[in-house]
Amino acid sequence: MTLVATDSPTSTLPQPAALNDEQAQKFVLTLSCVERAGIVQAVTTFLFERGFNIDEHQQFDDGIRQTLHLRTAFSGSPEYSADRLEEEFSAIADRFDMKFSFHDKTKKRVLVMVSKFGHCLNDLIFRWRGGSLGGDLVAVVSNHETHRAMAEAAGLPFIYVPVTPDTKAEAEQKLLELVDEYKADLVVLARYMQVLSDNLCRSLEGRAINIHHSFLPGFKGARPYHQAYDRGVKLVGATAHYVTADLDEGPIIEQEVIRVDHSYGPNALSTVGQDAEALALSRAVRWHCEHRVLLDQTSTVVFR
């Protein structure tokens, strides 16, 4: 939509010439702050004065925590950069004590970690090659050689980093080096079956996503789908969340649930579970890459 000045219907601010999609620079603004009057007006006026059009706007007013969360996608003059917008917006941010970021259309660089189960990696590669993932896969790291052929067939570097109790610290340091080497914005644990240390979790805070089946913490340990079958579960699902030092308890981004019945044996339950994991993880990755996920203490606000 075209922005209209909120302070004066007869504003004489100069109007820029219309830009086509190829000429227009596209940005996303995300912000969170304590809820108070005037925030949205300040944002829209700021964009209007610089000749931008709002392409998409979503906000959530959290009446329980008394906070406002906002995501605005806008387009306009190619003369602007995200850094310039952040600098010029800082006075407004200071006035409202905002936590904010401007993002340009540069795609997030995604490093994927995997162990022996390849269904999530395969799904991410499929969506990436089809242009629907939202980010760009840049490398695959694994503690097994199992999926080297899959990664290399997609044109992705495959880095084998074995992990043992004696080499865990060195392996995690290697991972951080690979994140820097490939300039990865996001690390995705696509069924990577190693527990990350507290130090590594802190290093990757807010930029690492994990997936696990929804039986946790109900069915812990080995053979969870056999445990689920023995208990006669009626729902199978998966949870995609940010990685924290609290195992599988980070802020939740997405969950997928599929109904089952008594006819599903352990193998069938596992197959359904893999479908749920792939769906939940790919959505979480896409939403993160599109700047649709805002962290809010131990939870998230997701603008789908």
Side-chain angles (χ1 to χ4, degrees), residues 1-3 13-33 39-40 42-60 68-94 96 98-112 124 127-139 179-188 204-209 242 253 282-296 300-304:
M1 63 180 162
T2 301
L3 290 170
L13 289 170
Q15 299 301 300
L19 299 173
N20 59 41
D21 287 342
E22 293 183 357
Q23 294 174 316
Q25 177 71 292
K26 296 181 182 296
F27 298 96
V28 173
L29 165 65
T30 57
L31 67 83
S32 300
C33 61
I39 296 171
V40 176
V43 170
T44 56
T45 300
F46 174 85
L47 296 177
F48 173 80
E49 289 175 346
R50 287 153 182 81
F52 288 108
N53 288 334
I54 288 181
D55 303 316
E56 180 182 349
H57 175 85
Q58 293 174 285
Q59 69 184 71
F60 171 59
L68 169 73
H69 305 277
L70 178 150
R71 178 187 185 274
T72 301
F74 58 96
S75 58
S77 173
E79 297 178 0
Y80 278 88
S81 66
D83 289 341
R84 179 181 173 184
L85 287 168
E86 288 193 0
E87 181 180 353
E88 295 184 7
F89 190 75
S90 60
I92 294 174
D94 290 343
F96 292 99
M98 295 174 176
K99 179 181 179 181
F100 77 100
S101 294
F102 283 91
H103 313 274
D104 61 24
K105 61 182 179 182
T106 302
K107 287 189 175 182
K108 294 285 189 182
R109 296 173 60 83
V110 182
L111 184 147
V112 183
L124 292 172
R127 295 175 190 275
W128 167 57
R129 297 179 77 174
S132 63
L133 186 61
D136 281 331
L137 302 188
V138 296
V179 170
D180 290 338
E181 178 182 346
Y182 286 96
K183 298 180 174 59
D185 304 299
L186 177 67
V187 174
V188 177
L204 297 175
E205 183 177 1
R207 55 189 183 121
I209 295 175
Y242 285 112
I253 305 170
S282 65
R283 290 175 188 151
V285 170
R286 175 166 58 86
W287 292 338
H288 176 93
C289 289
E290 293 178 349
H291 314 291
R292 296 183 179 276
V293 185
L294 279 67
L295 280 166
D296 184 17
T300 61
V301 173
V302 182
F303 293 118
R304 302 185 182 183

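When a residue number appears, it is its place in the shown sequence, counting from 1.
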Close aromatic pair by centroid cut-off 6.0 Å: Phe303 and Phe60: no
Step-by-step side chain to side chain contact (heavy atoms under 4.5 Å, CB included) determination, Tyr242 to Glu205: CA-CA 8 Å; Tyr242 285 112; Glu205 183 177 1; over 6 Å; no
Gln25 vs Tyr80 side-chain heavy atoms within contact, under 4.5 Å: no
pair Cys33-Ile39: side-chain heavy atoms closer than 4.5 Å: yes
Aromatic ring proximity, centroids under 6.0 angstrom, Phe74 and Phe27: yes
Glu79/Arg50 salt bridge by N-O under 4.0 Å criterion: no
Which atom of Trp128 lies closest to which atom of Asp136, heavy atoms considered: NE1-OD1, 3.4 Å
Over 12 non-hydrogen atoms of neighbours within 6.0 angstrom of CZ in Arg129: no
Nearest heavy atoms of Ala73 and Val28, plus distance in Å: CB-CG2, 4.1 Å
Backbone N/O of Glu87 and side chain of Ser90: donor-acceptor pair under 3.5 Å: yes
Nearest heavy-atom neighbours spanning Ala42 and Phe96: CB-CE1, 3.8 Å
Whether His291 and His103 hold their rings parallel, tilted or perpendicular, with breakpoints at 30° and 60°: parallel
Audit row: Val110, Val138, side chain to side chain contact (heavy atoms under 4.5 Å, CB included) steps and yes/no: CA-CA 6 Å; Val110 182; Val138 296; 5.8 Å; no
Straight-line distance of Leu111 CG to Leu137 CG, nearest 0.5 Å: 9.5 Å
Thr30 vs Phe100 side-chain heavy atoms within contact, under 4.5 Å: no
Distance-only donor-acceptor check, side chains Asp55 and Ser75, under 3.5 Å: yes
CG-CE distance between Leu70 and Met98, expressed to the nearest 0.5 angstrom: 8.0 Å
Donor + acceptor pair across side chains of His57, Gln59 (<3.5 Å): yes
Side chain to side chain, Ile54 and Leu47, heavy atoms closer than 4.5 Å: yes
Heavy-atom pair of closest approach, residues Ala82 and Phe102: CB-O, 3.7 Å
From CD (Glu88) to CD (Glu49), nearest 0.5 Å: 10.5 Å
Check: Val301 main-chain N/O paired with Asp296 side-chain donor or acceptor under 3.5 Å: no
Step-by-step side chain to side chain contact (heavy atoms under 4.5 Å, CB included) determination, Leu186 to Val285: CA-CA 9 Å; Leu186 177 67; Val285 170; 4.2 Å; yes
Ser81 and Asp83 side chains, donor-acceptor separation under 3.5 Å: no
Side chains of Arg127 and Ser282, donor plus acceptor under 3.5 Å: yes
Under-4.0 Å salt bridge between Glu290 and Lys108: no
Check: Gln58 and Arg304 side chains under 4.5 Å, non-hydrogen atoms: no
Note, Leu124 side chain near Val188 side chain (heavy atom, < 4.5 Å): yes
Which atom of His69 lies closest to which atom of Leu294, heavy atoms considered: CB-CD2, 4.0 Å
Steps toward side chain to side chain contact (heavy atoms under 4.5 Å, CB included) verdict (Lys26, Asp104): CA-CA 6 Å; Lys26 296 181 182 296; Asp104 61 24; over 6 Å; no
Least distance between heavy atoms, Trp287 atom then Val302 atom: CE3-CG1, 3.6 Å
Val43 side chain reached by Leu29 side chain, heavy atoms, under 4.5 Å: yes
